[in-house]
Amino acid sequence: MKTNEIIETEKNKYFKKMKQKSADYDMKISNALKFLEIEGETITDEKAFLILKDFMGDDETIHLFKNVIEKQLTPMNAYRINSFKKTFSKFNEREALLNTFGELESTAKDLFIRPLTKQNSSILRDQEFVSKYMAGYADIADPLALVNLAEIVENLVPEDN
């Protein structure tokens with residue numbers, strides 16, 4: 001099995017579970033947006049959680065709601081979104097996990113298909129002498145980087161998975 005296939009298989013374990021959407025899901029989104037608009041820049045983590053609890057597990061929708069709340073906060077108070085732990089902590093963890101999987105995929109992409117590169121070489125009378133070759137992937141992706149990223153994934157994966 002190729003490295004990227006293994007990474008994709010592991011990634012799908014955590015991100016292919018789609019939340020079932022009810023027939024009135026769009027209406028719930030519209031209502032939630034209206035409630036967020038009413039709260040305005042005075043919204044708290046508790047109120048945001050009560051408004052958005054039906055959407056937990058739907059990362060795309062929560063991402064959009066998070067952007068809406070960030071835009072509602074005045075620029076002086078935009079940092080407050082970081083204190084919305086109850087509302088966005090699970091989403092932030094899943095987003096970090098998804099970003100780490102993306103980094104794993106890009107690191108592994110060229111790992112074994114790069115040509116050897118010359119590390120130490122010299123030219124004497126128009127003839128090149130190479131004293132050491134380096135595996136071509138080492139200049140792009142150190143295999144230890146994959147191990148480090150895999151450890152990050154293990155630490156980000158929730159206990160119940």
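Sequence positions, counted from 1, serve as the residue numbers for this chain.
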Going through the distances and angles, do Arg94 and Leu98 end up as a side chain to side chain contact (heavy atoms under 4.5 Å, CB included)?
CA-CA 6 Å; Arg94 289 178 56 81; Leu98 185 62; over 6 Å; no
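A chain of hydrophobic side-chain contacts below 4.5 Å, direct or via other Ile, Leu, Val, Met, Phe, Trp or Tyr residues, connects Val68 to Phe84. Clustering ILVMFWY residues whenever any of their side-chain heavy atoms sit less than 4.5 angstrom apart, transitively, puts Leu33 in the very cluster that holds Phe49.
Every residue two or more places apart in sequence or in another chain that forms a salt bridge (Lys or Arg N to Asp or Glu O under 4.0 Å) with Lys86 is listed here: Glu46.
Side chain to side chain, Tyr25 and Asp58 meet the donor-acceptor criterion of an N or O pair below 3.5 Å. For the residue pair Lys66 / Asn92, a side-chain donor-acceptor distance below 3.5 Å is found, with atom types taken as modelled.
For the pair Ala32 and Leu52, the tightest heavy-atom approach, listed with the atom from each and the gap, is CB-CD2, 4.3 Å. Considering every non-hydrogen atom in both Ile81 and Leu73, the closest pair reads N-CD1, 3.9 Å. The two residues Lys28 and Ser22 make their nearest non-hydrogen contact at NZ-OG, 3.9 Å.
Within the 4.5 Å cutoff, no side-chain heavy atoms of Phe65 are placed close to those of Ile51. Annotation: side chain of Leu64 is not in contact with side chain of Glu60 (no heavy-atom distance under 4.5 Å). Contact annotation: the side chain of Glu8 never approaches that of Phe101 to less than 4.5 Å [non-hydrogen atoms, C-beta and beyond].
Taken to the nearest 0.5 Å, the CD atom of Gln72 stands 6.0 Å off from the CD1 atom of Ile43. Note: Lys21 NZ to Ile29 CD1 = 6.5 Å, rounded to the nearest 0.5 Å.
Residue pairs meeting the side chain to side chain donor-acceptor pair (under 3.5 Å) criterion with at least one member in residues 32-45, sequence neighbours excluded, are Glu39-Lys47, Asp45-Thr87.
Between the side chain of Ser30 and the main chain of Asp26, no donor-acceptor pair closer than 3.5 Å is present.
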